[in-house]
Structures are given as structure tokens and as C-alpha cells.
Amino acid sequence: MQSIDKNEIKKLRRLVMEKDFSRMNDMQRQAVFATEGPLLVLAGAGSGKTTVLVNRIANIIRYGRAYDSDFINANLTDADIEDCKRFIEGEELSDSVRFLLADYPSPAWKVMAITFTNKAAGELKDRLINMLGEEGEQIWASTFHSSCARILRRDAERLGYTPHFTIYDADDQRRVMKAVLRDLDISEKTMPPRAVLSEISRAKDSLRTPDIYESEAAEDFRLKMIARAYRAYQRKLEESDAMDFDDLIANTVKLFKACPDILEYYQDRFNYIMVDEYQDTNHAQYEFVNLLAAKKKNLCVVGDDDQSIYKFRGATIENIMNFEHDYPGAQVIRLEQNYRSTQNILDAANAVISNNTERKGKSLWTGNGEGKMISYHLAENEVDEADKISRIILDGVGGGAKFSDYAVLYRMNAQSQNFERMFAKQGIPHRIIGGTRFYERQEIRDMIAYLSVVNNPADEIRMRRIINRPKRGLGDKSVDTAFQIAEQVGETFMEVISHAEDFPALSRAAAKLKAFGEMISRFIRMNESDDFTMNELYQEIIDETDYIEFLQADDPERAQDRTENVEELSSNIQRYEENEGATLSGFLEEIALFTDIDNYDEGADTVVLMTVHSAKGLEFPVVFLPGWEEGVFPGTAVIYNPAEVEEERRLAYVAITRAMKELFVSGAESRMIFGSTARNRASRFIDEIPEELLERTRSREYNIRKGVMPDFSSSEHENYQNNIYKPKPSVPAPAGTFKAGDTVEHKTFGTGLILTAAPMANDTLLEIAFDKVGTKKLFANFARLTKN
DNA sequence: TTATGGCGATTTTTT
DNA sequence: ATCGCCATAA
């Protein structure tokens with residue numbers, strides 16, 4: 001038995017635990033040891049949030065609640081105590097002794113950690129496995145969406161879905177909505193599908209059903225229309241055995257509320273729940289988490305109110321703001337020490353964010369030292385801006401830096417083009433994350449649609465997508481009729497087309513429909529049979545549909561590329577098939593929830609380009625932030641709305657805090673965007689950075705006499721040669737000569753009347769009603785017009 | 001039923 | 001600048 005008293009052992013145990021987590025700072029360690037009850041960790045950017053999460057889970061699994069506990073294991077021997085003392089001196093400690101120190105350590109499979117991105121979940125998982133070995137595998141570390149999908153797959157039948165329901169993405173949603181609006185005779189002009197969908201999405205985020213939505217709409221005409229669309233949309237999804245992203249969360253909550261037994265099962269299953277990026281949760285996610293945690297209340301949420309940037313998509317910052325209110329007695333721990341950036345970068349970030357009123361308040365500091373000044377460069381235009389940035393990169397790489405040290409983070413994907421062109425030209429290896437993703441490419445979506453239909457023949461939207469792709473003479477009309485018949489007869493679409501000849505309305509297309517149906521049935525049988533692998537099925541689909549030939553015929557230019565993509569999907573399938581228990585429906589789910597950022601591999605030595613949103617959670621030694629102009633960042637839609645400006649400012653904060661060593665902010669005097677040139681003022685966020693932190697430069701000096709070309713003394717010259725950038729002609733074009741109302745004479749079109757004259761770039765676009773050939777649009781400079 | 005061309009509208013951000 | 005829609009023609 002023990003020769004030392006209990007208090008001594010407790011003290012020793014604490015020392016052991018502290019030693020075990022000694023790589024963390026005091027605040028971080030506090031969070032690690034606060035295992036019981038609700039805990040809010042306000043983790044500033046770069047404050048080691050993931051480290052805390054990983055270590056906290058490790059603590060829960062190794063020691064349980066031992067740190068604050070009075071419990072002492074009676075089996076602890078003197079020899080064990082000696083081992084502990086040696087551990088503190090720096091020797092190893094065996095797991096069996098650790099276990100004797102523990103008080104209610106939790107099995108790994110009873111711990112749940114929820115993140116937003118697959119990448120964050122994967123990283124968490126990797127680090128947990130790294131720290132805990134095999135045991136780490138059993139922790140539920142996944143995204144909201146995949147956790148919910150997993151829960152729903154088990155019990156979706158209770159909600160009227162099959163276990164292999166399809167997950168609809170944005171494109172599928174759009175197609176459904178278009179069909180809905182058409183059915184309801186609502187013009188897309190008055191109700192753009194996008195807008196309706198986003199309204200519905202917002203409704204689902206806040207757990208408002210069509211019924212609730214309708215009652216809230218009251219007498220508002222527009223809202224009533226949306227309510228009808230919402231109802232019809234939801235019905236279509238249900239008929240198709242499909243859920244959209246929002247449904248995954250909302251239906252899980254619905255399931256929990258409707259089936260207390262299921263809720264209780266999960267409440268009992270999870271001892272500890274952790275939620276990352278809590279500031280980005282929406283109401284449905286909030287509800288999901290709260291239901292799960294309601295019984296044990298061992299809920300730890302980690303987040304940073306200053307980094308809440310997804311309000312537009314339903315995230316409510318209130319979730320994090322009200323946590324202490326929702327969970328009385330919650331511990332709050334602030335992590336303000338930053339391990340990522342220089343003090344200058346943090347000062348800039350702190351200064352910018354301090355202009356926001358809605359925040360918990362927190363100020364980052366670092367031991368990393370001041371670092372370099374923040375550079376702000378005002379370029380002439382967007383091409384010049386990209387050129388200056390490439391030059392800095394090339395200089396840096398010449399001086400020993402890696403391409404992968406650099407990241408360009410912009411406000412919107414459209415900005416990537418300049419950089420892509422410029423980097424390609426300058427031979428800078430780069431990757432663009434986001435934009436058109438692999439799984440959004442047409443050919444990939446086609447193939448996935450085939451697989452989806454095989455997996456779930458009730459999927460109307462994807463059925464419609466492939467039924468005439470490649471072309472097999474089945475136009476909208478026959479397909480519509482077949483669907484109508486299915487509805488009237490009460491059979492499935494597949495059943496109807498399998499005996500299409502029985503329906504006179506289908507006579508013309510009957511044979512084709514039947515052939516198609518038989519082909520799909522064959523695929524379905526292949527999928528159900530154990531004799532074929534998924535990839536064999538996939539190859540069969542490609543062969544049977546002559547899809548490669550179709551690609552060749554459809555667009556010979558891109559056929560090569562697209563064929564490669566189709567093959568790439570095949571290797572993805574094969575890779576997935578290596579997993580145990582791989583199923584088609586599992587594969588489809590995985591890719592449905594996959595995004596581009598998940599694919600970002602920090603290993604490759606290339607410059608990375610992505611939106612600021614995608615960059616959240618990432619860090620880079622050198623960061624470029626182009627387009628800091630009013631109207632770009634902050635964006636146009638947002639300038640006049642103070643609440644949205646705060647969100648943009650948080651975005652700016654996220655952007656700045658991605659940088660470890662150097663930060664280059666820039667803007668352009670004039671910028672070609674969305675097809676026309678704009679001259680924007682510098683972003684207000686630049687003015688919010690203290691002047692003493694800034695080093696301002698500009699491409700063009702001001703005191704150049706009017707009418708004289710600026711002196712291209714440096715690098716500009718060679719670049720502007722190769723028609724990437726054409727200097728404006730110094731002699732003004734005679735474009736202004738023509739105005740609306742003038743009668744003009746054209747060499748071939750004859751006489752006409754100018755209807756409109758729109759100045760564009762260096763020219764004027766004229767719309768002219770000619771007497772003989774009708775109305776044409778012509779550029780004044782090229783039209784060779786004479787005035788009458 | 002499919003192919004084409006012109007026209008207009010449309011631009012955050014993403015699981 | 002690009003995309004998607006629509007009307008028109010084959």
C-alpha cells in the first residue's frame with residue numbers, strides 16, 4: 001500500500017499530467033485539463049487551437065477527469081509512484097501506470113470531435129493517431145455533414161428515406177428548383193432559382209419547415225411564393241430519396257426530436273463532445289450539438305468570434321456569443337498567445353478588428369518578435385499588380401525561398417485569372433484551390449450521375465441528367481411524359497420505361513426508353529452482384545454508353561482532358577474500394593461531401609492561390625492580399641450595410657492572420673473586373689492599419705506631366721510588350737464623335753440611326769438601327785462610319 | 001430532336 | 001468576360 005498520503009499522490013499526479021502536456025502554455029494546459037462540464041475556448045488565430053483539441057482528447061482518454069479529482073486508485077504501488085517521479089525527471093512512463101493514475105478515462109470511441117472541413121477533420125485524426133496510436137482511430141472526428149450523414153444512414157428509414165439516400169449538391173439543387181419553378185409557373189425572372197434556394201437554405205439552417213415558413217410569410221406575396229417553392233422542392237427531394245446539405249443537419253435534428261430512443265443512444269454513446277470553429281455554426285448545427293450534449297454536458301466548443309465569416313450562409317455568431325448564457329457555469333479560456341505571426345502582423349490584425357463592435361474582445365500577442373513592416377503597394381492595374389507580386393516571388397525564390405512559402409489570397413475566385421495568366425507567363429508553379437472543382441466538371445458529374453442512378457434509381461434529377469447524355473434521341477418531351485405517367489400510374493420511372501410500349505403517349509420513344517431502362521437495370525444488377533467490383537461497373541458504364549466517343553464528338557478540343565478526368569475518377573474509385581466495407585453509396589457520399597480545399601497538399605512546392613474563405617485555418621510564410629479596394633474588399637454589395645462591413649472586416653482579419661513572416665497587401669488604381677474597368681479607392685481596411693506599420697509604395701509616380709507616358713524604367717517594359725498589357729493609345733480615339741440620335745452612313749450596311757452610344761475601354765459601342773439590315777452593335781473605331 | 005447563334009444577365013464567400 | 005437561356009433553323 002501507499003506509503004505517501006493521498007494529497008501527496010494527488011500532487012504528484014498533477015505533476016505527471018503537467019509533464020505529459022508540458023509542451024503547452026498555461027492557458028492551453030488549462031483547457032486540456034478542464035474535461036468536465038461546458039467549456040468555451042476562445043482561440044485567437046494561430047494560438048494552437050488544434051493542439052489544444054488533440055491534447056485535450058488525449059487527456060480525456062489517458063487520464064479522464066483525474067486532474068481535478070480526489071480519487072486515488074488503490075492499486076497504485078510504491079514502485080508506480082517511483083516511476084512517476086522518474087517520469088517527471090524525464091524518463092518514459094508506461095501506459096499501465098498512466099492508467100492507474102486515471103479517473104474515469106473515456107474509451108476513445110466515446111469521444112466526438114466535429115469540424116467544418118474534411119481537411120480539419122483529417123488533420124485532427126492524423127494528429128490523434130500520431131499521439132494515441134491505434135486508439136486514435138476510434139474517435140469520431142468528422143465534419144458536421146459527415147457525422148450527420150452517418151447517423152442518418154443508420155436510421156433514415158424512421159424519416160421515410162432509404163439508407164442509401166442521395167446527397168444533392170448545389171447543381172442538383174438548382175436543377176430541382178428550376179423544375180419546381182416551372183411546375184409552379186413561377187418565372188425565373190421574378191424569382192431567380194439562386195435566390196429562392198438561398199432563402200430555403202436559410203430556412204433550413206434555422207430549422208424552419210415549409211409549414212413554419214408559410215405561416216411566417218403571412219400575406220407577403222413574395223414570401224408566399226417562396227413558401228410554395230420550398231414545399232414543392234422538399235417534396236421533390238423526398239420523392240427522389242435525396243437530401244441537400246442542409247437537410248443532412250436538419251433531418252438529423254428532426255430524427256433526434258422525433259425518436260428519443262435514437263437521441264438517447266447517441267447521448268449515451270458520447271461522453272465528450274468537441275466542436276471546432278464554433279463561431280461558424282448555424283442554428284441547426286447548434287441544435288444538433290446541444291441535443292447530443294444535453295445529457296452529460298461535457299461540451300467543449302472552440303472558436304474565435306473574430307473569425308466568423310460564414311454569416312451569409314446561415315452561421316450565427318450568437319451561438320458563440322451566448323455560450324456562457326446557454327451553459328451557466330461554463331468555463332471560458334482565452335488563448336491569445338500566437339505562435340504563427342510576427343508582432344507587426346498581429347498589430348495590424350488587432351488594429352483592423354478593433355473597429356468591430358460586435359465582439360468578445362481579445363488581443364493577440366506573440367513572442368516571435370516584430371518582424372518586417374507590412375507592405376502596401378498601389379499598382380496601376382490588376383495586371384501590374386500580378387506582375388509586381390510575381391516579381392517578389394521570383395526574387396524570393398532566387399534568394400532561397402520555396403514557391404510553397406507564398407500564398408495569394410483574394411476576395412473572390414474571379415480574381416484568380418490575372419494571377420494564373422501572369423504566373424504561367426513567368427514560369428511560377430502554382431495551384432488554384434477552389435473555383436471549378438474536379439467533381440463539378442461536367443464529365444465527372446455525368447459519370448457520378450450514372451453511378452447515383454444505379455445506387456438510387458428514384459433520383460429524378462440525375463436520371464434526367466443522363467437519360468440523354470450521350471444523346472440517344474430522348475428529348476425533354478418524352479422524358480417529361482414518362483415521368484408524368486409514372487406519377488399517374490403510381491409506378492416508378494424505371495418500371496414505366498421497362499414497359500414503355502404499353503403507353504401510347506410514349507410510342508415514339510418507347511424503344512429507346514426501354515433500351516435505356518434495360519441498360520440501367522443491368523448496371524444495378526452488376527452493382528448488387530458480388531461478382532463485380534465497383535470499378536468494373538464503372539468501366540462497364542463508360543463502355544456501354546460510349547461515353548469516351550461522346551466526349552470526342554462533343555468537343556474534340558477538350559476531349560483529351562475530359563477523358564483523363566473520367567479515368568481519374570476510375571482511380572478514385574479504385575482507391576476507395578481498398579477501404580473495408582466500401583459501397584457505392586459510401587463512395588458517392590464521400591465525394592458529395594468532398595471539397596477542393598481538402599485536396600490541398602502542403603507538400604508540393606508551388607505558390608497557392610485561393611480565396612480568403614478557403615484559407616481559414618491555414619498559414620503561409622508570405623502572404624499576398626491583392627485587391628484591397630473599396631468595391632472589391634470590402635465588396636460592393638456590402639459597403640452600405642454596417643453589419644456586413646463587420647463581416648468583411650473579420651474576413652480581412654482572417655486574411656492578415658494567415659501570414660507568418662511577411663504580408664504584402666495591394667490594390668490597383670484601375671481594375672478590369674466583370675468586363676469593365678473600375679477605379680476604386682483604397683480599401684478602408686488599409687487605413688485601419690496603423691501607418692507606422694505600413695510601407696507604402698506605388699507603381700506610378702504622380703508628378704508626371706499630363707499626356708506623357710509614365711517612365712517605365714524598370715521591369716514593366718518587357719512585360720507590357722507581349723500583349724498582356726497594352727498601354728492606352730495616347731491619341732484619343734475619335735469615338736466620342738458619335739452620339740445617340742446621329743444618323744450615320746456605313747460602307748456596307750448603308751444608313752442608320754444611332755440608338756445608343758456606350759463608352760467602353762478606349763472605344764464606344766454603338767447600337768445602330770440600319771434602314772436595310774436591322775439593328776447592329778458596332779465599335780465606333782472599327783465601323784468606318786461617316787456622319788450624315 | 002438537335003445545333004446554333006445571339007442575347008441578356010450576372011458576379012462573393014462553401015459544407 | 002463568361003455563362004446560360006432562348007429562339008430559330010435544320
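Listed by first and then second residue, the side chain to side chain donor-acceptor pair (under 3.5 Å) pairs that reach into residues 143-153 of chain A are Ser142(A)-Ser147(A), Thr143(A)-Ser146(A), Arg153(A)-Glu589(A), sequence neighbours excluded.
Contacts of Asp169(A) with the nucleic acid, taken as non-hydrogen atoms under 4.0 Å apart, are absent. Among the heavy atoms of the strands, none lies under 4.0 Å from Lys189(A). Using a 4.0 Å heavy-atom distance criterion, Phe116(A) is classed as a sugar-phosphate-only contact. Tyr310(A) comes within 4.0 angstrom of the backbone, heavy atoms only, and of no base. Counting non-hydrogen atoms under 4.0 angstrom, Gly473(A) reaches the backbone sugars and phosphates but no base. Residue Arg650(A) is out of contact with every strand shown, counting any heavy-atom pair closer than 4.0 Å. Within the nucleic acid shown, Ser146(A) has no heavy atom closer than 4.0 Å to any nucleic acid atom.
Using a 4.0 Å cut-off between charged nitrogen and carboxylate oxygen, Glu385(A) and Arg671(A) count as a salt-bridge pair.
The phosphate of dT11(B) (OP1 or OP2) has a side-chain N or O of Arg194(A) nearer than 4.0 angstrom. Close to dT13(B), at under 4.0 Å from its OP1 or OP2, lies a side-chain N or O of Asn413(A). The side chain of Asn282(A) contributes no N or O atom lying less than 4.0 Å from OP1 or OP2 of dT15(B). Neither OP1 nor OP2 of dT13(B) sits under 4.0 Å from any side-chain N or O of Ser614(A). A close approach under 4.0 Å does occur between a side-chain nitrogen or oxygen of Ser478(A) and OP1 or OP2 of dT1(B). The side chain of Lys178(A) contributes an N or O atom lying less than 4.0 Å from OP1 or OP2 of dC5(C).
Checking dA1(C), dT14(B), dT15(B) against every side-chain atom of Phe245(A), the shortest atom distance belongs to dT15(B). With distances taken from any side-chain atom of Lys477(A) to the nucleotides dT15(B), dA1(C), dT1(B), the minimum falls on dT1(B). Minimum atom distance to the side chain of Thr143(A) is reached by dT15(B), of the listed dT15(B), dT13(B), dT2(B).
Atom CD in Glu647(A) sits about 13 Å away from atom C1' in dT14(B), given to the nearest Å. Protein atom CZ of Arg202(A) is 16 Å distant from nucleotide atom P of dT15(B), rounded to whole Å. Taking atom CZ of Arg174(A) as the reference point, atom P of dC5(C) lies 6 Å away to the nearest angstrom. Atom pair Leu181(A):CG and dC5(C):C1' shows a separation of 15 Å (rounding to whole Å applied). In this structure, the NZ atom of Lys311(A) is 18 Å from the C1' atom of dT14(B), given to the nearest Å. Residue Asp280(A) contributes atom CG, which lies 11 Å from atom C1' of dT13(B) at whole-angstrom precision. The distance between atom CZ of Arg421(A) and atom P of dT2(C), rounded to the nearest whole Å, is 8 Å. Taking atom CD on Gln415(A) and atom P on dT2(C), their separation rounds to 16 Å, with Å as the unit.
Looking only at atom types and distance, the side chain of Asp304(A) has no donor-acceptor partner in the side chain of Tyr278(A) under 3.5 Å away.
Residue whose closest nucleotide on DNA chain B sits further toward the 5' end, between Glu648(A) and Ala170(A): Glu648(A). Map Leu593(A) and Lys512(A) each onto its nearest nucleotide of DNA chain B; the residue landing nearer the 5' end is Lys512(A).
Cation-pi geometry between Arg313(A) and Tyr310(A) is met: the NZ or CZ atom falls under 6.0 Å from the ring centre, inside 45° of the normal.
Counting all heavy atoms, side chain and backbone alike, Gln279(A) lies closest to Val302(A) at OE1-O, 4.4 Å.
Put simply, the side chain of Arg313(A) and the base of dT13(B) share no donor and acceptor less than 3.5 Å apart.
When the side-chain hydrogen bond (donor to acceptor under 3.5 Å, both in side chains) test is applied to Glu501(A), the partners found at least two apart in sequence or on another chain are Lys514(A).
With values rounded to the nearest 0.5 angstrom, Asp172(A) atom CG is found 11.0 Å from Ile167(A) atom CD1.
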